[in-house]
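So you know, we letter chains A, B, ... as the sequences are listed, proteins then strands, and number each from 1. This is a predicted model, so every value here is computed, not measured. All heavy atoms count here, side chains included; hydrogens, waters and symmetry mates do not.
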2 protein chains.
Amino acid sequence: MSVNGRNAGRPAALDEVSKKIIEQLQNDGRRSYAEIGKAVGLSEAAVRQRVQKLTDAGVMQVVAVTDPMQLGFYRQAMIGIRATGDTRLLADRLSAIPAVDYVVLTAGSFDLLVEVVCEDDDELIDLLNSQIRGLEGVSSTETFVYLKLHKQFYNWGTR
Amino acid sequence: MSVNGRNAGRPAALDEVSKKIIEQLQNDGRRSYAEIGKAVGLSEAAVRQRVQKLTDAGVMQVVAVTDPMQLGFYRQAMIGIRATGDTRLLADRLSAIPAVDYVVLTAGSFDLLVEVVCEDDDELIDLLNSQIRGLEGVSSTETFVYLKLHKQFYNWGTR
DNA sequence: AGTGAAACGACCGTAGA
DNA sequence: TCTACGGTCGTTTCACT
């Protein structure tokens, strides 16, 4: 927790032990606390407390991530959007679209970037025409169809 | 497994039970097999076998994902890259840079999109000048600095 | 914040339908 | 591919430092 009870300030840096715990869970999210404890030199209970705290603070979460291709979603794309009006409202509406799995407000020649996951080209075309380009505040879009997702890392922050 | 032992073809669609299991683990990657079994109407051992198979097949993996902001990485950006030569080689070199956490080959006005995670603007500037723009095959870049990561979903494929 | 101990529950291998 | 079961190991709670 932060010193003053708010979380407005910049979070305190993690110590080396917590970083090691996170690394262990980045390699395998189901590794037991006891095993992690052995690796980082802490008791099982201590590891569990730290994981709990890290999770509660939103520093990390243990989740299943899936491979869209393996699940029948053969078409992914990043869509750059130029917008008018409040981009936060637009981001909310974009987030509500099931095929949209990533929304970020940016500075540069796009105001938003959204990643979409589709079953095929037809769904992507429909998505663009019927769901995205029609949204209020979307002035133009540019689509970058994924040819190959080369590499994706989940070790943000610890590297 | 695929019928002929290779994984070249399109994977078979998952049945409803496996989808439910994945959903459970997307909500909480540490949920016990017994608990998941209760939710999907299967024994603990059956759930365990299916999770093992899904993991081995690369359909899903349970991992810790972290929030870069909470770990002191206050600057993220997407970089669009126009390239000459073999983009696969370039993608390999980009993947080797620690600050790069996402590399995708695209069709469109960029040949690659890479996401980077930096501590601050200085690191981002250095990354662009010293590590990315100097790579052989990079003809131009365009940087989209993240103002706010609005939403990120991990339920790719199941939606 | 950490340890240690005891009760409980989860996990894993194996056998069998 | 599933259930059933027993041994082992992990997790949880609590008292203590």
query = Hey, is the main chain of R31(A) close enough, under 3.5 Å, to the side chain of E35(A) for a donor-acceptor pair?
reply = no
message = Ignoring hydrogens, what is the shortest heavy-atom contact between R75(B) and Y146(B)? Give both atom names and the distance.
response = NH1-O, 3.6 Å
request  = Calculate the interatomic distance between Q52(B) atom CD and dT14(C) atom C1'; express it in whole Å.
outcome  = 16 Å
task = Between dT3(D), dA1(C), dT1(D), spot the one nearest the side chain of R50(B), thanks.
result = dT1(D)
key: Check: S140(A)/R82(A) side-chain N/O donor and acceptor closer than 3.5 Å   = yes
key: Atom pair distance, as rounded to whole Å: NZ in K53(A) and P in dG2(C)   = 8 Å
ask   = T66(A) and Q26(B): which non-hydrogen atoms are nearest, and at how many Å?
value = CG2-NE2, 3.8 Å
message = Ignoring hydrogens, what is the shortest heavy-atom contact between G29(A) and V62(A)? Give both atom names and the distance.
response = O-CG1, 3.4 Å
query = What closest approach, in Å, do T106(B) and L112(B) show between heavy atoms, and which atom pair accounts for it?
reply = OG1-N, 3.8 Å
note = Of L113(A), D111(A), L94(A), the one forming a side chain to side chain contact (heavy atoms under 4.5 Å, CB included) with I81(A) is L94(A)
Produce the list of close N/O pairs, under 3.5 Å, pairing protein atoms with atoms of nucleotides 9-11 of chain C; give distances to one decimal.
unit_1	atom_1	unit_2	atom_2	d
dC11(C)	OP1	R30(A)	NH2	3.3
dC11(C)	OP2	Y33(B)	N	2.9

note = By nearest-nucleotide position on DNA chain C, the 5'-leaning member of A46(A) and Q49(B) is A46(A)
ask   = What's the closest nucleotide to the A45(B) side chain, out of dC2(D), dG13(C), dT3(C)?
value = dG13(C)
ask   = Between the two ends of the helix from dA1(C)-dT17(D) to dA17(C)-dT1(D), what is the bend in degrees, rounded to 10 degrees, where each end axis spans five pairs?
value = 40°
key: Check: A57(A) main-chain N/O paired with Q70(B) side-chain donor or acceptor under 3.5 Å   = yes
